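To start, the structure itself, in structure tokens.
No hydrogens, no waters, no symmetry mates; every other heavy atom, side chains included, goes into these values. Each chain gets a letter, A, B and so on, in the order the sequences are listed, and its residues count up from 1. Being a predicted model, the structure only gives us computed values, none of them experimental.
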Amino acid sequence: MLKRIFPHPILTVVLLIVWLFLNNTIATGHIVLGLVLAILIPWLTSAYWPERNCIKKPFTLLKFLLLVLWDILVANLKVAVLILGKRANLKPGFITIELDVKTPLGISVLANVISLTPGTVSCDLSMDRQSLLVHALHIEDAQQIIDEIKQRYEKPIIEVFTAC
Amino acid sequence: MFESIVAILIVVGAIFTLIGSIGLYKLPDFYMRLHGPTKASTLGVGSILIASAIYFSSKTDSVSTHEILITVFLFITAPVSAHLMAKAALHIKIKEKDSTN
């Protein structure tokens, strides 16, 4: 019963928060209106969200988000230095990363994080969702980049985003 | 006090946006140019948005939250558009720089 009213509880919470932020208020009227929207929209669109996602270990998620924010900052500085440096010194290349994360949400979060962090942009996901093609602006050691992505980003993503 | 923080943030943001544009002009092939808009500009736009949030929070009584939303949406959409452009480029087989391995 509860599942039919709230097919996606996380989406409901996110929509409510976005609504309140958009209106820049916590007035009762807007909370009520936001709740109505936050319940109606997931209910009406539930046909397009086939798999349910759960977030386990919210503390790990928070730590992961802070890590990613920090890495975005560092990434910007590194890429700025690479861009302003000598063009001939850059060694760009493609790397294939075998994926351990299986859920669609987990893969898209990983791909987004890869694009936002140091010198890498995710380019293509293989049809069987087993590997991700990544373009790197500057490669010293391909294996080191792969290991870093797997250790730093993929491990917490596997822990946090699980199907349920 | 607030004004100086806001001014510093805006200048930093402008510098990073400029570096992103320089990258777009300077880098030799399509895939490398993709790195500019996804990264250098996120920090650029990010610091300008933080400046805006501080300015409007100090000028009016209420806290300005629109900038947080813009940042979140930017961080979600920028990598997606870069991914789609890279995928399209791979599909029509755009040549990469010769030294690419």
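Among the candidates His91(B), Met85(B), Lys87(B), the residue making the largest number of heavy-atom pairs closer than 4.5 Å to chain A is Lys87(B). In terms of non-hydrogen atom pairs under 4.5 Å with chain B, the most contact-rich of Leu125(A), Asp124(A), Val109(A) is Asp124(A). Each of Leu77(A), Leu137(A), Leu133(A) has some count of heavy-atom pairs under 4.5 Å with chain B, and the biggest count is that of Leu137(A).
Heavy-atom distances place no part of Leu65(A) under 4.5 Å from chain B, backbone and side chain included. Looking at Leu82(A), there are no atoms closer than 4.5 Å to chain B (heavy atoms on both sides), in backbone or side chain.
A salt bridge does not link Lys155(A) to Glu148(A): none of the charged nitrogens lies less than 4.0 Å from a carboxylate oxygen.
Of all the heavy atoms in Ile10(B) and Ala51(B), the pair that sits closest is CG1-CB, 3.7 Å. Between Leu90(B) and Phe94(A) the shortest heavy-atom distance is CD2-CZ, 4.2 Å.
Using a 4.5 Å cut-off between non-hydrogen atoms, the part of residues 13-22 of chain A that approaches chain B consists of Val18(A), Phe21(A), Leu22(A).
Proximity of Leu99(A) to Glu154(A): side-chain heavy atoms (C-beta onward) are separated by under 4.5 Å at one or more points. Here the side chains of Leu33(A) and Asn23(A) are not in contact, with every heavy-atom distance at 4.5 Å or above. Counting only heavy atoms from C-beta outward, the side chains of Phe64(A) and Val68(A) approach each other to under 4.5 Å. When side chains are defined from C-beta on, Leu69(A) does not count as touching Leu73(A), because their heavy atoms never get closer than 4.5 Å.
Listed by chain and number, the residues in a side-chain hydrogen bond (donor to acceptor under 3.5 Å, both in side chains) with Arg33(B) amount to none (sequence neighbours excluded).
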